[in-house]
Amino acid sequence: MAKNDEKGRGPPKLPIRVDLDEEDAEKFTHIQDNFKLKNKAEVLRFCVNKVYHGMALEIDADMYNEIHKIISSKSIKVKYAITSVDDFIKRAMSEFLTTLKEEWSLRNWNMRQTLSEEENDTALALLELQLQKMPGVTIEDLASHMKKDKKILLKHLEKFMADALLDFRESHGKIYYYVH
């Protein structure tokens with residue numbers, strides 16, 4: 001909760017004067033126009049909030065205009081319920097992350113081809129065992145299934161986890177591994 005100023009009038013305000021060069025002034029006006037902000041103070045608050053929350057995203061004018069043109073279509077708005085360029089970008093990023101997760105997975109044959117033969121064998125064994133065991137796969141399950149040394153398998157599992165290909169959970173003193 002914000003503190004009141006010395007006279008009890010609400011939170012103190014910070015007066016700011018900013019002199020912008022021509023290029024920055026154009027950007028400032030562009031932000032104000034594109035986001036339909038009423039005054040300069042709103043533009044500054046908007047920019048501070050975007051940067052503070054890590055959402056400052058630079059997108060060139062051509063791309064912005066292309067997206068804006070597409071989402072301005074009534075049929076696109078109705079079909080996809082996209083309300084703004086920001087909404088479009090968030091959805092596009094979400095879709096791209098989904099695609100990356102599908103490609104960057106031990107389930108993906110093409111991705112597994114980048115592994116050594118031993119690592120690929122471990123990945124396949126994990127997938128097979130994961131289909132059989134609901135709570136996950138333990139190192140003991142894997143070693144028994146593959147008839148391999150736990151130390152070698154543990155190196156593979158650690159590599160998979162470092163590469164964000166595998167998760168683990170601990171339960172009742174055992175570690176269970178899960179392929180994404």
field: Worked check of salt bridge (Lys or Arg N to Asp or Glu O under 4.0 Å) between Asp19 and Arg17
entry: CA-CA 7 Å; Asp19 295 321; Arg17 178 193 160 121; 3.0 Å; yes
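- Under the 4.5 Å side-chain criterion, counting only non-hydrogen atoms from C-beta, Lys77 is not in contact with Thr83.
- A search for side-chain contact (heavy atoms from CB on, under 4.5 Å) contacts involving Phe35 returns Ile31, Leu37, Phe46, not counting sequence neighbours.
- Using a cut-off of 4.0 Å between Lys/Arg side-chain N and Asp/Glu carboxylate O, Glu140 and Lys150 are scored as salt-bridged.
- Atom CD of Glu170 sits in a crowded spot, with more than 12 heavy atoms from other residues, nucleotides or ligands closer than 6.0 Å.
- The closest side-chain heavy-atom distance from Val179 to Arg107 is below 4.5 Å.
- Under the 30°/60° scheme for interplanar angles, the aromatic rings of Phe168 and Tyr177 are found to be tilted.
- Nearest heavy-atom pair across Ala125 and His145 is CB-CD2, 3.7 Å.
- Residue Glu23 places its CD atom among 12 or fewer non-hydrogen atoms of other residues, nucleotides or ligands, all under 6.0 Å distant.
- Nearest heavy-atom pair across Tyr178 and Leu166 is O-CD1, 3.1 Å.
- Shown here are the side-chain hydrogen bond (donor to acceptor under 3.5 Å, both in side chains) partners of Ser94, two or more places apart in sequence or in another chain: there are none.
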message: Could you walk me through whether Asp141 and Thr138 satisfy the side chain to side chain donor-acceptor pair (under 3.5 Å) test, starting with their C-alpha distance in whole Å, then the side-chain angles of each, then the deciding distance to 0.1 Å, before giving a yes or no?
response: CA-CA 5 Å; Asp141 296 331; Thr138 66; 3.0 Å; yes
